[in-house]
Asker: 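Here you go, one structure.
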Amino acid sequence: MRTPGVVDVAAPLRAVEQWCCEPDGNSVRLTARVGVHGDDPNLRGHFPGLPIFPGIFVIESLCQAMAQAFGRDGGQPPVLRNLRSVRFLAPLLDGDELTLRITVTPATGGWSTKSEGTRLDGTVAARIRADFIAGQAADA
């Protein structure tokens with residue numbers, strides 16, 4: 001239901017609903033989850049009648065997971081510096097859940113990540129390799 005005089009806009013995306021982080025030798029294993037909710041205003045128009053979680057939202061899930069894990073305690077959250085490789089392999093549909101398993105390795109000035117996103121049925125939906133810098137502007 002629309003309210004007269006109010007413009008419908010999408011709210012900022014909450015791309016991580018749950019996350020956990022575990023050390024693994026020189027790396028960190030980070031797991032993030034987010035549900036795909038077809039009635040979310042952010043999915044409006046992508047696509048009407050068959051909402052699909054957009055690929056950019058998968059990348060945003062990675063960025064928000066990194067911010068949650070490495071931007072705590074008042075520190076500046078990591079900033080995405082470079083997408084080395086992105087592959088979208090299967091759609092994430094209404095009622096699904098993205099589980100993003102991220103291996104985070106320290107690199108000069110930040111972190112290197114390798115991620116695999118799966119659907120509820122175990123199908124690999126995305127693979128991402130990306131680099132983050134520590135709390136600086138992305139164009140630094």
Side-chain angles (χ1 to χ4, degrees):
M1 174 178 226
R2 292 186 165 205
T3 304
V6 175
V7 178
D8 288 332
V9 295
L13 174 69
R14 182 175 177 192
V16 172
E17 294 173 346
Q18 301 173 353
W19 67 279
C20 67
C21 187
E22 299 176 21
D24 185 20
N26 191 37
S27 300
V28 171
R29 288 184 302 169
L30 177 57
T31 302
R33 289 188 171 82
V34 63
V36 178
H37 309 287
D39 60 351
D40 187 315
N42 288 301
L43 296 184
R44 190 177 301 145
H46 200 270
F47 294 93
L50 183 64
I52 296 174
F53 198 68
I56 192 66
F57 289 9
V58 178
I59 295 168
E60 180 63 18
S61 293
L62 170 61
C63 293
Q64 287 186 23
M66 288 293 292
Q68 290 287 336
F70 296 98
R72 297 174 301 197
D73 303 324
Q76 291 290 324
V79 175
L80 178 63
R81 178 67 173 173
N82 182 35
L83 283 171
R84 290 184 283 131
S85 174
V86 179
R87 304 256 193 276
F88 300 114
L89 305 166
L92 292 150
L93 304 172
D94 184 25
D96 216 333
E97 180 181 78
L98 169 66
T99 299
L100 197 58
R101 290 177 182 84
I102 309 157
T103 300
V104 183
T105 306
T108 304
W111 302 268
S112 178
T113 65
K114 181 179 177 183
S115 310
E116 183 171 88
T118 56
R119 303 186 313 193
L120 279 173
D121 67 3
T123 300
V124 176
R127 289 193 176 107
I128 305 170
R129 290 176 161 290
D131 300 316
F132 288 79
I133 56 176
Q136 301 173 14
D139 58 0

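Count residues from 1 along the sequence.
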Asker: From Asp121 CG over to Thr123 OG1, what is the distance, rounded to the nearest 0.5 angstrom?
Answerer: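 Nearest 0.5 Å value for the CG-OG1 distance: 3.5 Å.
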Asker: Let me confirm one number: the OG1-CG distance from Thr105 to Asp131, rounded to the nearest 0.5 Å.
Answerer: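 Thr105 atom OG1 to Asp131 atom CG measures 10.0 Å (nearest 0.5 Å).
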Asker: Let me confirm one number: the OG-CZ distance from Ser112 to Phe132, rounded to the nearest 0.5 Å.
Answerer: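 Going from OG on Ser112 over to CZ on Phe132, the span is 10.0 Å.
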Asker: Among the clusters formed by ILVMFWY side chains lying less than 4.5 Å apart, do Val104 and Leu83 turn up in the same one?
Answerer: yes
Asker: Check Arg33 with Glu17, please: is the shortest side-chain N to carboxylate O separation under 4.0 Å?
Answerer: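 No, Glu17 and Arg33 are not salt-bridged.
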Asker: Between Asp94 and Gly38, which heavy-atom pair has the shortest distance, and what is it?
Answerer: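 Reported closest heavy-atom pair: OD1-N, 2.6 Å.
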Asker: Just by distance, no angles: are the side chains of Gln68 and Gln64 close enough, under 3.5 Å, to form a donor-acceptor pair?
Answerer: no
Asker: Report the C-alpha distance between Thr31 and Trp19 in whole Å, list the side-chain angles of each, state the deciding distance to 0.1 Å, and finish with yes or no for side-chain contact (heavy atoms from CB on, under 4.5 Å).
Answerer: CA-CA 5 Å; Thr31 302; Trp19 67 279; over 6 Å; no
Asker: State, yes or no, whether a side-chain contact exists between Arg127 and Leu89 at a heavy-atom distance under 4.5 Å.
Answerer: yes
Asker: Does any N or O in the side chain of Asp96 come within less than 3.5 Å of the main-chain N or O of Leu120, such that one atom is a donor and the other an acceptor?
Answerer: yes
Asker: Of all heavy-atom pairs between Ala65 and Val16, which one has the smallest distance, and what is that distance?
Answerer: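 That closest heavy-atom pairing would be N-CG2, 3.7 Å.
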Asker: What distance separates His37 NE2 from Arg14 CZ, expressed to the nearest 0.5 Å?
Answerer: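 Between His37 NE2 and Arg14 CZ, I get 9.0 Å after rounding to 0.5 Å.
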Asker: Do you reckon Leu93 sits in the same ILVMFWY cluster as Phe88, going by side-chain contacts under 4.5 Å, direct or chained?
Answerer: no
Asker: Please report the closest heavy-atom contact between Trp111 and Pro106, naming both atoms and the distance.
Answerer: CD1-CA, 4.2 Å
Asker: Around Arg87, counting heavy atoms of other residues, nucleotides and ligands shown, do more than 12 lie under 6.0 Å from its CZ?
Answerer: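 Open.
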Asker: Between Thr99 and Arg119, do the side chains contain an N or O donor and an N or O acceptor separated by less than 3.5 Å?
Answerer: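 Checked: Thr99/Arg119 side chains show no N/O donor-acceptor pair below 3.5 Å.
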Asker: Let me confirm one number: the CE-CG distance from Met66 to Leu80, rounded to the nearest 0.5 Å.
Answerer: 9.5 Å
Asker: Closest approach of Ser61 and Val34, non-hydrogen atoms and distance?
Answerer: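 Smallest interatomic distance, heavy atoms only, reads OG-CG1, 3.8 Å.
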Asker: Any chain of hydrophobic side-chain contacts (each under 4.5 Å) joining Ile56 to Leu13?
Answerer: yes
Asker: Are any of the side-chain heavy atoms of Phe57 and Val36 separated by less than 4.5 Å?
Answerer: no
Asker: Testing the basics here: between Pro77 and Ala67, what is the closest heavy-atom pair and its distance to 0.1 Å?
Answerer: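 Closest approach of Pro77 to Ala67: CB-CB, 3.7 Å.
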Asker: Using a 4.5 Å cut-off on heavy atoms from C-beta on, say whether the side chain of Ile128 contacts that of Thr113.
Answerer: no
Asker: Is there a donor-acceptor contact under 3.5 Å linking the side chains of Arg101 and Thr118?
Answerer: yes
